[in-house]
Amino acid sequence: MTTSAPSDVYYDPYDVELNADPYPMFKRLRDERPIYYNETHDFYALSRFADVNAALIDKDTFSSARGAIIELIKANIEIPPGVLIFEDPPVHTMHRKLLSRMFTPRKISALEEKVREFCRRSLDPLVGTGRIDFIADLGAQMPMRTIGMLLGIPEEEQEAVRDFANDQMRTEEGKPMQVSAESLASGELFEKYVDWRAENPSDDIISELLNVEFEDETGTLRHLTRAEVLTYINVVSGAGNETTTRLIGWAGKVLSEHADQRRELVENPSLIPAAIEELLRYEPPAPHVARYVTRDIEFHGTTVPEGSAMMMLIGAANRDHRQFAPDGDVFDIHRESKPHLAFSVGTHFCMGSALARLEGRIALEEILKRFPEWEADASDAKLSPTSTVRGWESMPATF
């Protein structure tokens, strides 16, 4: 169907009611409006897996250099260097290469015991209480401690850093995020840690960023500027806190609703990595990402003009039955393994994906060991108002 045929399909990323359960509308978009235009907010949207996947890979047509959030693209402001998610190659390639040294498989797998200890510290006090909040008690704690430890943030200051990162993403319910050049945090919050590490280097990301020597996009061998170091830390801190927190919240809700599959995980913990992949597919913490369109391009008989903002609906693509047969709207830990888009794809594939998978797996192992049965109290749960991630502020449950 082309966009000229009449249809009452309406998708609005700021509609609180719609975002509470966007999946019926996502299905209609895939079936009736595979290329959708929203006149109110002036953006296009892709919803089918094949289209979203191809568009994310096509970095030349769909640029990240103006931001990856609709509001940022519309504001047309200069992005500070070092915000990897808002860059195109070759600058992105250079910055990414630099940071990827700090997230090697060896470094991530070495974190296993530490992450487990953070989980134990959060969960042990809850044994025998009959209640858990998957966000407050674990989701907002363990990822914060893990990324804080990696960066080199003192433990007593990690909550302030986490709350700062969260506040940057919050929006007023039902409204777009307010964006200006000033609102793009440059990382001043981290200045004291950078100063301290300059004098007292250690085995952490801040020390590594201060000391790394690299060839930049002009071919010059240099160190990072102070502004670049601060921006890097800001990006890593925000990414490391927000999305894994949401994954743990979704695990609490979805596995409460699918108790039979949860019991299978208790009996056979080797199924947990597959369950994490299915959770990421079924309820991706980052359900959409935006790009700036650099040239006219056609989808399903509709031309998207150069200069448009394009929304890639990852949450819709991850439920597409064309990729996840027979029914992408069904949660199934035994589903045939196929690539999903929760961590994106191509140039901007999530660098922290191995860390998120490790944290998700260990969190689930430690939860199920202590609390094999629980019931989420959805009536008392609260969705976060944000333009960038979708998840819970609180997800209480009884056991």
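Numbers here are sequence positions counted from 1. All values below were derived from every heavy atom in this structure, side-chain atoms included, with hydrogens, water molecules and symmetry-related copies excluded.
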Return yes if some donor-acceptor pair links the side-chain N/O of Thr220 with the main-chain N/O of Asp216 below 3.5 Å, else return no. no
Cationic tip of Arg335 within the cone over Phe324's six-membered ring, i.e. under 6.0 Å and within 45° of the normal? no
Assess the pair Tyr232 and His95: is the distance between their ring centroids shorter than 6.0 Å? yes
Any sub-3.5 Å donor-acceptor pair from Arg262's side-chain atoms to Trp374's backbone N or O? yes
Looking at Gly391, is its backbone amide N or carbonyl O close enough to the side chain of Ser384 to form a donor-acceptor pair, meaning the two atoms are under 3.5 Å apart? yes
Could you check whether Tyr44 and Phe299 have their ring centres less than 6.0 Å apart? no
Tell me if a side-chain donor or acceptor on Glu366 pairs with a main-chain N or O of Arg120 at a distance below 3.5 Å. no
side-chain hydrogen bond (donor to acceptor under 3.5 Å, both in side chains) assessment of Asp51 paired with His300: CA-CA 10 Å; Asp51 293 335; His300 306 283; 2.7 Å; yes
Checking Arg197 side chain against Asn200 main chain: does a donor-acceptor pair fall under 3.5 Å? yes
When you compare the side chain of Leu271 with that of His334, does any pair of heavy atoms fall below 4.5 Å? yes
Does Glu208 come within less than 4.0 Å of Lys107, counting only side-chain N to carboxylate O? yes
Is there a donor-acceptor contact under 3.5 Å from the side chain of Asp296 to the main chain of Glu306? yes
Do any N or O atoms from the side chain of Thr294 and from the backbone of Phe62 form a donor-acceptor pair under 3.5 angstrom? no
Judged by atom type as modelled, is there a donor-acceptor pair below 3.5 Å linking the side chain of Asp377 to the main-chain atoms of Ala397? no
State whether Lys74 and Asp42 are salt-bridged, where the test is any N-O pair (Lys NZ or Arg NE/NH1/NH2 against Asp/Glu carboxylate O) under 4.0 Å. yes
Does Phe86 have Arg66 sitting over its ring (NZ/CZ under 6.0 Å from centre, angle to axis within 45°)? no
Basic-acidic side-chain contact under 4.0 Å: Arg281, Glu277: no
